[in-house]
Amino acid sequence: MKILYKGILCNLSTYRVMGEDRPALYPVTQSSDEIFYKEFYEVHYGLWAKVLTDEEYQEITDTNTKNE
């Protein structure tokens with residue numbers, strides 16, 4: 001699913017953290033904006049992501065379903 005997160009187009013998927021799949025946002029394109037580097041980090045060589053907390057995931061999915 002594609003999500004617009006703080007002005008950055010992202011794919012919503014999962015990332016495995018300590019043996020558990022966690023929801024994560026993967027930016028579609030890399031940006032040089034400050035917000036990009038504040039929100040996302042390089043989880044694996046060249047792979048940028050934002051691993052979401054349960055609260056962030058709920059907020060994002062709630063906002064997305066309201067906009068549809």
Side-chain angles (χ1 to χ4, degrees):
M1 171 187 317
K2 295 216 185 285
I3 302 280
L4 191 61
Y5 179 73
K6 297 190 178 182
I8 300 170
L9 184 62
C10 303
N11 288 316
L12 177 63
S13 189
T14 60
Y15 185 74
R16 196 150 186 86
V17 178
M18 295 173 44
E20 180 182 349
D21 284 338
R22 300 291 308 154
L25 292 173
Y26 296 93
V28 173
T29 58
Q30 186 172 351
S31 171
S32 60
D33 293 341
E34 182 181 328
I35 190 89
F36 180 86
Y37 293 106
K38 283 175 87 174
E39 296 294 327
F40 298 90
Y41 59 94
E42 197 170 14
V43 292
H44 192 69
Y45 304 107
L47 178 63
W48 291 81
K50 175 176 178 64
V51 179
L52 302 171
T53 64
D54 292 334
E55 293 81 20
E56 289 172 324
Y57 176 73
Q58 192 64 46
E59 180 182 325
I60 287 170
T61 55
D62 286 349
T63 302
N64 192 52
T65 54
K66 287 179 187 175
N67 291 335
E68 289 181 349

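Only heavy atoms go into these numbers, but all of them, side chains included; no hydrogens, no water, no symmetry mates. Residue indices begin at 1 and follow the sequence shown.
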field: K50 NZ to E56 CD distance, which is reported to the nearest 0.5 Å
entry: 4.0 Å

ILVMFWY cluster, F40 and V28 together (side-chain gap under 4.5 Å): no

field: Point-to-point distance, once rounded to the nearest 0.5 Å, from CG of L52 to CD1 of I60
entry: 4.5 Å

field: For E59, side-chain hydrogen bond (donor to acceptor under 3.5 Å, both in side chains) partners two or more places apart
entry: none

For residues 7-16, run the donor-acceptor check on the side chains, cut-off 3.5 Å, and write out each pair with its distance to 0.1 Å, sequence neighbours left out.
unit_1, atom_1, unit_2, atom_2, d
N11, OD1, K2, NZ, 2.9
Y15, OH, V43, O, 3.4
R16, NH1, D21, OD1, 3.1
R16, NH2, G19, O, 3.0

field: Atom pair CD1 (I3) and OH (Y26), whose distance is rounded to the nearest 0.5 Å
entry: 14.0 Å

Pair D54-R22, side-chain contact (heavy atoms from CB on, under 4.5 Å): steps then yes or no: CA-CA 9 Å; D54 292 334; R22 300 291 308 154; 2.9 Å; yes

message: Between L47 and L25, is there shared hydrophobic-cluster membership here, with clusters defined by ILVMFWY side-chain heavy atoms closer than 4.5 Å?
response: no

task: Hey, could you give me each pair passing ring-ring contact (aromatic ring centres under 6.0 Å, His included) that has a residue in residues 42-64? Not counting sequence neighbours.
output: F36-W48, Y37-W48

- prompt: More than 12 heavy atoms of other residues, nucleotides or ligands under 6.0 Å from CD of E34: is that the case?
  reply: no

field: Same apolar cluster: V17 and Y41, side chain cutoff 4.5 Å
entry: yes

